[in-house]
Structures are given as C-alpha cells and as structure tokens.
Amino acid sequence: MVFWSKSGQLITKLMIVVTSVALLITMVMVVLNVGGRGLFGSPILAAVEIVGLAGVFLISFAIGFTEKERSHIVVRMLLSRLPKRIQSLFAIFTFFLSLCAVALLVWGGFLEGWELATTPGATTYVLHLERAPFAFVWVAGCIVIGGFLLHHLLEVLVEVRKK
Amino acid sequence: MNPIITGIIGIGVILLLMACGLPIGIAMILVGFAGFAYLVNVTAALNIIGTVPYGIISNYDWLVLPLFLFVASIFFFAGLGRSLFRLAHNFFGRLPGGLAMATIGACAIFAAISASSIATAVTIGTIAIPEMKRYKYEDALATACIAAGGTLGILIPPSGIFIIYGIITETSIVKLFVAGIIPGIILSLMFICMIYIRARLNPTMAPPGLRTSLREKLVATGECAEAILLIAVVLGGLIIGWFTPTEAAAIGAFGAIVTSLIRRRLSWQGFKDAILDAVRNTGMIFLCLIGALILNGFIAVSTIPMELASLVTSFGLPPPLVMGLIVVVYLILGCFIDTMSMILLTIPVFFPLVKGLGYDPIWFGVIVVLVTEMAMITPPVGMNVWVISGIAKNVPMEVIFKGIVPFVLVEIAFVILLIVFPRIALFLPELLK
C-alpha cells in the first residue's frame with residue numbers, strides 16, 4: 001500500500017512538473033515568435049510546431065491531473081440527494097465506466113501511434129520530427145488517467161467494505 | 001435501427017449517464033464511440049477514438065484556451081480583483097447602489113482579461129461581498145450582482161465559451177471575440193441602470209457610499225494601469241490583426257506575469273498555484289472537448305441535424321420564432337445541466353439548423369453565450385450562484401436566487417433585443433471584413 005501511495009505521489013509530482021514546463025514553454029515560445037516577427041522581421045523557426053508538441057505534453061497530463069483532483073465536470077444535482085450508500089454504488093459504476101472509456105482511448109491512441117510509427121514520412125513539416133513518440137505521450141497520459149481512476153475506484157470499494 | 005432513433009437514444013443515454021455522476025467528457029466519449037460503432041463499424045469508431053484526441057491536443061490553435069485560463073489565474077492569484085474593485089468603487093461608490101454598480105464594472109473589466117465566468121465571480125466576489133455588507137446592502141442584491149456580473153466573463157472577450165464554440169463550429173474566434181464587445185458593454189450598462197433605478201426606488205436596499213476625491217480616483221486608476229494596458233494590447237492586437245488568438249493569449253499571460261512581478265503582487269507560491277489552476281481547468285475543458293468531437297461524429301452519422309432542419313423547414317415556421325424556441329430550449333436545459341455540457345451537446349444539433357435558416361454563425365455564437373450566461377445563474381444548477389453561496393456562507397441560496405430574478409429579466413430583454421437587432425453583435429465583426 002505504501003509503495004502504491006509513494007508511486008502515486010511521484011507520478012503526481014512528475015505530472016505537475018511536465019504540465020507546468022509545457023505551459024511555460026508554450027507561452028514563452030509564442031511570445032518570442034511574436035517578438036521576433038514584430039521587432040526583427042524573423043519569426044522563430046518551427047515555433048508553431050514546437051508549441052503544438054508542447055501542447056501534447058500539457059494536455060495529455062493535465063487531464064490526468066484534473067482526475068487526480070477529481071475536478072472533471074460532473075452533474076451532482078440528483079446524486080447528492082441520494083443516501084451515501086447508493087452514492088457509493090453509483091461512484092463504483094461511474095469509475096468502472098470511466099475506466100472502460102480510458103481503455104478505449106489507450107487502445108485507440110496506441111493504434112494511432114503504431115500507424116504513425118510504421119508509416120514512412122509521418123513526421124512534422126518543418127523539423128521533421130517523428131510524430132509517433134508524441135502520440136505515445138498521449139497514450140501515457142491516458143494510462144495515468146486510468147491509474148488515478150483505478151485508485152479512486154479502490155478507495156470507494158474499501159469505503160463500501162468498511163461500512 | 002433507424003440512425004435518427006439511434007441518435008436520440010444516444011443523447012438520452014448521455015443525459016442518463018450524466019445524472020448517474022459520470023463526467024460529461026467520459027459520457028460523450030463512450031456514447032460517441034458506441035453510437036459510431038453501431039451505425040458505421042467498430043474499426044471506424046476505433047479510428048475516430050485514436051485520431052480525434054491526438055488531433056486536438058497537438059493543435060497549435062487550441063492552445064488559446066489554456067493560455068487565456070492562465071491569464072485569469074495569474075491575475076486571480078495576484079489579487080488584481082481588489083484594485084479593480086477599488087477603481088470601480090471610486091467612480092460609482094457615492095451613487096445609490098454604487099457598490100453593486102462598481103461590482104458590475106469591476107466584473108466587466110476583469111472579464112476583459114479572463115476567459116471564465118466563475119473566475120470573474122470569485123475574484124470580484126471575495127472583495128465585493130464584505131464591502132457591500134459593510135455598507136448594509138441587502139444580501140439578495142449584494143450576492144446576485146456578483147453572480148450576474150460574473151457571467152460577463154464569458155461574453156466580454158476573451159471568452160472560454162466563444163473559443164469552444166469557435167472550435168466546434170469552425171467559426172473565427174477573433175470575430176466571435178469582437179462580436180462580444182458591444183453586447184458585453186450594453187449588458188453591463190443595462191445591469192448598472194437596473195441597479196441604479198432599484199436603489200433610487202428603495203434606498204435602504206443599497207445605500208450610497210462615501211464621495212471620493214479626484215486624486216483617489218487617479219490613484220485607483222494607476223493601480224490597475226497594467227491590467228487596462230494589457231487589455232488594450234491583447235484586444236487591440238486581435239482586432240487590428242497583429243496577433244492570432246493564441247498569440248494574444250500568450251502575450252496576455254506573459255504580460256500578466258511580468259506586470260504582477262514588477263508590482264510585487266505575485267508570490268512564488270501564487271505563481272505555482274496559478275499554473276496548477278490553469279492546468280486543472282485545461283484538463284477539465286479538454287476532456288469535454290475530446291468527448292464532444294468524438295460525439296460529433298456520431299451525431300453527424302445519425303443525421304439528426306439534417307432531419308431536424310428539414311422538419312423545421314417543412315413546418316414553415318418563421319426563423320425568429322425558431323430562434324425563440326431554441327432560446328427556450330437552452331433556458332430549460334440550463335436549469336438542469338451545466339453550461340459546458342449544454343453547449344457541447346446542443347451545438348452540433350442546433351448549429352446546422354440555425355445556419356440553414358440563414359442566420360450568421362457569429363451572431364448565433366453571441367446568442368449561445370447569452371443563454372449560457374443565464375444558465376449560470378438560474379436554479380437549480382446555476383454554477384455562479386453555487387460559487388457565490390460558497391463565498392457568502394451566511395446567505396441562503398434562495399435569497400441569492402431571489403436577487404437574481406431582475407438580472408435574468410434584463411438578460412432576457414437583451415436576448416430579445418439581439419434577436420430583433422442582430423447588428424448589435426455584428427457591427428464590429430463586419431468592420432473586420
């Protein structure tokens with residue numbers, strides 16, 4: 001249990017660092033690009049591409065972070081009126097469905113990444129970077145979401161069992 | 001099974017799953033995938049679920065959203081709300097209902113740097129509510145004016161809802177932003193006028209505050225100078241065509257950090273909190289967007305939008321009546337589901353219909369934002385009201401909702417005005433052409 005808890009904390013820290021750095025890179029690159037274009041008449045080479053790729057890191061792990069914080073948009077109007085026990089059953093049901101959705105995203109993302117990896121010339125337009133690794137970053141982000149969902153599901157199950 | 005029936009069942013299942021507490025984004029992903037797999041085939045559905053998310057997250061243009069969220073977070077943690085409120089207070093404070101009017105003014109200015117309604121309500125609300133209590137304002141007015149003022153955050157650009165609408169309907173985000181300016185100013189003025197009239201009729205509801213000197217007004221203006229300058233640069237740059245929306249957002253975020261550091265408003269902890277807040281909101285919105293675009297594929301193959309358009313045409317209803325009915329549907333939906341879900345679920349269905357009726361997509365975007373605003377303050381879901389009740393803990397929810405009624409009536413009047421005079425919204429975007 002301690003191992004899982006420590007692993008969760010480590011992943012969270014890593015996620016925070018990756019998303020924060022990606023957000024700052026996005027901002028700085030765009031500002032430098034605008035400045036370069038406006039002041040010196042020379043935009044930064046492939047700025048749009050670099051920013052787009054930073055976005056992959058930012059959004060892939062931001063969704064996981066939001067799940068960790070349980071901040072995804074949920075309508076609680078009806079559920080909040082039900083008894084706690086029934087609420088827990090609904091929570092188990094929804095976490096299970098969420099895991100199914102994430103499994104689909106992982107599988108779909110993996111197929112997309114695999115196709116990019118096996119298609120010759122599947123690179124970015126200016127820097128000619130392979131696109132496949134970035135598709136797998138999305139898959140990694142989805143796996144992190146799945147991990148947090150599983151953690152939340154187990155928490156609810158333990159709570160139900162205690163009661 | 002008939003594709004239309006499948007589509008209708010799909011939408012019903014989404015609503016059911018949402019009621020069960022499933023995150024809206026996940027509900028749309030599941031139903032979008034299952035529906036598409038049923039109507040087309042599993043391979044095509046797997047293809048969509050693989051390509052759509054990666055297409056969204058690697059798209060440069062979509063990063064406008066996290067960057068504008070970042071701007072709002074920085075200013076929130078830098079405590080800009082206090083300076084904005086002081087500025088508006090110094091100008092309006094001595095009038096009957098002056099503090100409530102100042103709150104609307106502060107919300108309108110903060111809205112011009114924030115893409116979020118809730119951020120606007122929280123930022124201004126935490127400062128304005130104690131002040132209004134000090135001056136013995138009625139709880140209903142004090143809380144309702146912040147909840148309603150907060151909704152200006154999604155009408156006055158930059159607006160998160162405009163960005164999402166623009167992405168889903170492939171409408172120019174710049175034009176949508178520009179289209180929101182005049183309606184935002186008019187609606188703010190209508191709120192201010194309504195508060196003034198009510199305070200004149202019932203002086204105990206909102207007593208006047210103290211008169212301030214010109215020097216105090218100038219000092220307060222100076223305290224907000226950087227925010228006002230940043231608004232001018234960001235919106236001006238967008239309108240003139242210097243920047244794309246993503247560039248404007250990045251410059252806004254960079255400017256917000258630099259000016260907050262120079263003013264020593266932003267601590268290291270505040271900076272870290274601002275980043276995490278922006279990341280959290282980014283994750284929340286992008287899961288919904290991924291779900292919405294996966295669902296879009298299913299809605300398209302279900303042929304619901306086309307069938308709905310031909311059904312409405314066959315009835316021969318006049319277009320303004322159809323628009324009125326759509327607005328009513330939004331008002332009813334807004335009472336039960338949150339705004340993001342409402343927009344993402346309905347736009348794919350209504351947008352082709354409205355476009356088919358010959359209405360301008362930019363104008364419809366403004367209407368959608370206005371009805372979304374109303375949804376944010378109408379019971380029982382009204383998100384802004386929930387947020388304000390969290391700040392004003394001793395004010396019962398029903399008191400806030402009672403105070404909201406006049407603001408909702410003003411908004412309804414404004415929607416009617418906009419349906420009758422679409423040029424209110426279209427005047428500025430037309431100048432861009």
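Here the structure is a predicted model, which is why all the values come from computation and not from measurement. Proteins get letters first, then strands, A, B, ... in listed order; numbering begins at 1 in each.
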A:Arg70 CZ: over 12 foreign heavy atoms closer than 6.0 Å: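 Correct, the count exceeds 12.
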Tell me, yes or no, whether the heavy-atom count around B:Phe286 atom CZ, taken from other residues, nucleotides or ligands under 6.0 Å, exceeds 12.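 Result for CZ/B:Phe286: enclosed.
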Counting only non-hydrogen atoms closer than 4.5 Å, does [X] touch chain B with its backbone (N, CA, C, O), its side chain (CB onward), both, or neither?
X: A:Leu82; value: neither
X: A:Leu104; value: both
X: A:Leu24; value: side chain
X: A:Arg37; value: side chain

Which atoms of [X] approach chain A - backbone, side chain, both or neither, heavy atom under 4.5 Å:
X: B:Leu63; result: side chain
X: B:Ile290; result: side chain
X: B:Trp242; result: backbone
X: B:Ile29; result: side chain
X: B:Cys20; result: both
X: B:Ile257; result: side chain
X: B:Phe254; result: both
X: B:Ala249; result: neither

Quick one: which of A:Leu23, A:Thr19, A:Ile59 gives a side-chain contact (heavy atoms from CB on, under 4.5 Å) with B:Thr282?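 Per the side-chain contact (heavy atoms from CB on, under 4.5 Å) rule, the option paired with B:Thr282 is A:Ile59, out of A:Leu23, A:Thr19, A:Ile59.
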Where the side chain of B:Ser58 meets the backbone of A:Leu53, is there a donor-acceptor pair that is under 3.5 Å apart?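 No.
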